[in-house]
Colleague: 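Have a look at the structure that comes next, please.
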Number of protein chains: 2
Amino acid sequence: MATAPDSGKPTAAQALAPDRHRKASDQSIYDAIYEAVLTQRLPPGSRLPEVALSELFGVSRSIIRKALTRLASDHVIEQRPNQMAMVARPDVEETRQIFAARRLVEGEVMRLTAGTLSKARLQELKRLVKDEKSAHQSGRDQDRVHCSMEVHRFLARHCPNQVLGRMMRELVLRTSIVIALYKSPGMSACFLGDDHARLAELIAQGKGDQAADLAHRHLRALEDLLDLNEADTTIDLARILRPET
Amino acid sequence: MATAPDSGKPTAAQALAPDRHRKASDQSIYDAIYEAVLTQRLPPGSRLPEVALSELFGVSRSIIRKALTRLASDHVIEQRPNQMAMVARPDVEETRQIFAARRLVEGEVMRLTAGTLSKARLQELKRLVKDEKSAHQSGRDQDRVHCSMEVHRFLARHCPNQVLGRMMRELVLRTSIVIALYKSPGMSACFLGDDHARLAELIAQGKGDQAADLAHRHLRALEDLLDLNEADTTIDLARILRPET
DNA sequence: GCGCCACCCGGTGTATACATTTCGGGCTCG
DNA sequence: CGAGCCCGAAATGTATACACCGGGTGGCGC
């Protein structure tokens with residue numbers, strides 16, 4: 001327990017409220033939790049009791065368990081035997097690996113996607129970037145995070161290589177989790193200058209290599225903003241238990 | 001039906017026989033099916049009825065369903081509503097994407113892994129390569145495929161970046177599936193010269209870039225051995241239905 | 001004889017009952 | 001007074017009952 005802030009104590013179910021009392025498929029439940037984690041309404045460590053969720057969504061535990069199994073398979077939540085599922089809390093080492101993997105995959109996705117988008121798609125993309133900026137300026141943080149994620153997810157969704165696209169979406173989500181976990185207080189997560197706008201421009205112009213390079217630097221800068229000093233877990237414990245001099 | 005050879009008609013359950021009559025966890029069932037698909041004992045399109053599996057492993061359908069859900073999540077099997085699960089049968093386009101993704105990921109894994117393996121680990125690796133060669137020479141194809149897969153999986157397992165390592169294992173499995181699907185008759189799948197031996201050598205010497213390059217060419221050559229001409233599915237149908245001249 | 005339709009069977013989808021485990025509060029004993 | 005044990009609430013783990021769906025087959029009508 002000493003290693004974890006342990007987050008909200010009851011169950012963070014209010015973040016999933018909208019479609020209450022309506023029969024939901026396991027896909028819609030999966031989506032609801034996925035979206036809530038992505039937009040950081042469900043912070044890392046949030047507990048997800050099966051019974052509470054089954055009552056919330058108006059289905060039996062079977063459906064809930066299927067959704068949770070899939071979420072665990074995607075590393076969104078952690079499931080340990082006989083314990084409640086909780087939103088994943090990757091350690092510092094895994095965080096670095098996630099960023100490294102995402103740089104590799106997202107770079108290639110940029111390269112493949114550049115120059116392949118229709119005019120209509122480019123309009124959509126620029127709209128997302130614009131919405132993000134306006135949300136940022138008017139301080140609607142919830143919206144800003146949502147749009148920021150959607151920029152990356154949009155590019156992943158429209159990558160010609162959908163195998164890579166899927167991987168990238170998974171990595172975007174895991175990145176969102178570790179940002180929520182390790183961000184320094186007050187940092188403007190993932191709004192670094194107008195990187196997204198410039199990225200969209202390079203994609204539109206078909207400059208794949210430059211887009212990949214920008215994405216690479218974007219992600220590196222993002223990682224550098226995080227508070228990734230170990231100094232936790234076992235080390236703290238040892239220092240606390242050491243007799244004072 | 002016209003598009004599929006439809007594989008073995010009953011249920012290819014004999015490929016999973018070993019641990020019959022023993023209570024099995026969903027993990028062990030997952031592993032059994034995973035391994036059977038990996039070594040091509042369960043060819044693409046094989047049907048996996050829940051009841052048959054539950055009897056085979058001596059557990060209820062709940063456990064089976066959990067294992068199947070996870071396998072579907074990993075793209076090992078396809079699950080459609082109210083139909084039996086079956087081993088995945090990716091189309092030609094997805095096959096190309098899988099290879100492209102794997103080249104990207106495996107190349108980076110080689111780069112990261114080169115020079116990081118202990119002497120003992122290098123011994124293991126060389127042993128695998130040796131076993132593969134001997135299996136090849138004595139014509140034990142089952143063993144050869146197993147060892148060949150294990151070479152790649154071994155490297156993935158010991159990559160310093162385990163996030164990438166996991167992705168690579170998933171891609172190795174999917175590659176195995178599409179090889180089983182599209183290999184030209186009689187080809188020696190994934191035994192291209194002594195690529196694996198040379199790869200092991202480069203890894204041992206810490207030459208990451210060269211290892212990545214070799215892996216890249218290895219996979220390219222492998223893809224080229226496949227029979228990836230479309231000419232199936234809808235096109236054949238159109239030609240068949242066209243009135244003769 | 002040839003189609004069409006109703007039935008049946010084998011499969012998955014969902015809910016629920018029951019077993020098992022974990023964690024914590026409070027009692028008891030040293 | 002404190003440490004340890006016991007027990008119960010609440011969660012998950014598993015099995016099972018039943019509903020539903022889809023495909024194949026046999027009979028019936030034309």
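Proteins get letters first, then strands, A, B, ... in listed order; numbering begins at 1 in each.
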Colleague: Step through the shown structure and confirm whether more than 12 heavy atoms of other residues, nucleotides or ligands are within 6.0 Å of CZ on B/R127.
Modeller: no
Colleague: Starting at atom CG of B/L53, determine the distance to atom C1' of C/dT12, rounded to an integer number of angstrom.
Modeller: 13 Å
Colleague: Return the minimal non-hydrogen interatomic distance between B/A88 and B/E78, and the atom names on each side.
Modeller: CA-OE2, 3.8 Å
Colleague: In this structure, how many angstroms lie between the P atom of C/dT16 and the CD atom of A/E55, rounded?
Modeller: 12 Å
Colleague: What's the CZ-P distance between A/R61 and D/dG13, to the nearest Å?
Modeller: 8 Å
Colleague: C/dT22 P sits how many Å from A/M86 CE, rounded?
Modeller: 16 Å
Colleague: Nearest to the side chain of A/I63, heavy atoms from C-beta on, is which of D/dC21, C/dA15, D/dT14?
Modeller: C/dA15
Colleague: State which of D/dC21, C/dA15, D/dG13 makes the closest approach to the side chain of B/N82.
Modeller: D/dC21
Colleague: Has the side chain of A/R166 got a donor or acceptor atom that lies under 3.5 Å from a matching backbone atom of A/A156?
Modeller: no
Colleague: Identify the residue among B/E132, B/E35, B/R41 that makes a side-chain hydrogen bond (donor to acceptor under 3.5 Å, both in side chains) with B/H146.
Modeller: B/E35
Colleague: Pairing donors with acceptors under 3.5 angstrom, does anything connect the side chains of A/R157 and A/H152?
Modeller: no
Colleague: Just the rounded figure in Å: distance from P of D/dG24 to CD of B/Q83.
Modeller: 11 Å
Colleague: Provide, to the nearest angstrom, the distance between the CD atom belonging to A/E50 and the C1' atom belonging to C/dT21.
Modeller: 13 Å
Colleague: Look at the side chain of B/V51 and decide which nucleotide, out of D/dG13, D/dA15, C/dT12, has an atom nearest to it.
Modeller: C/dT12
Colleague: Grab the CZ-C1' distance between A/R80 and D/dA11 for me, whole Å please.
Modeller: 15 Å
Colleague: Choose from C/dT12, D/dA15, D/dA11 the nucleotide whose nearest atom is closest to any side-chain atom of B/M84.
Modeller: C/dT12
Colleague: Can you tell me which nucleotide in C/dC23, C/dA15, C/dT12 comes closest to the side chain of B/R65?
Modeller: C/dT12
Colleague: Does C/dT14 have OP1 or OP2 sitting under 4.0 Å from an N or O in the side chain of A/S62?
Modeller: no
Colleague: Using heavy atoms to find the nearest nucleotide of DNA chain C for A/D26 and A/P81 separately, return the residue whose nucleotide is more 5′.
Modeller: A/D26
Colleague: Rounded to whole Å, please give me the gap between CZ in A/R47 and P in C/dC23.
Modeller: 10 Å
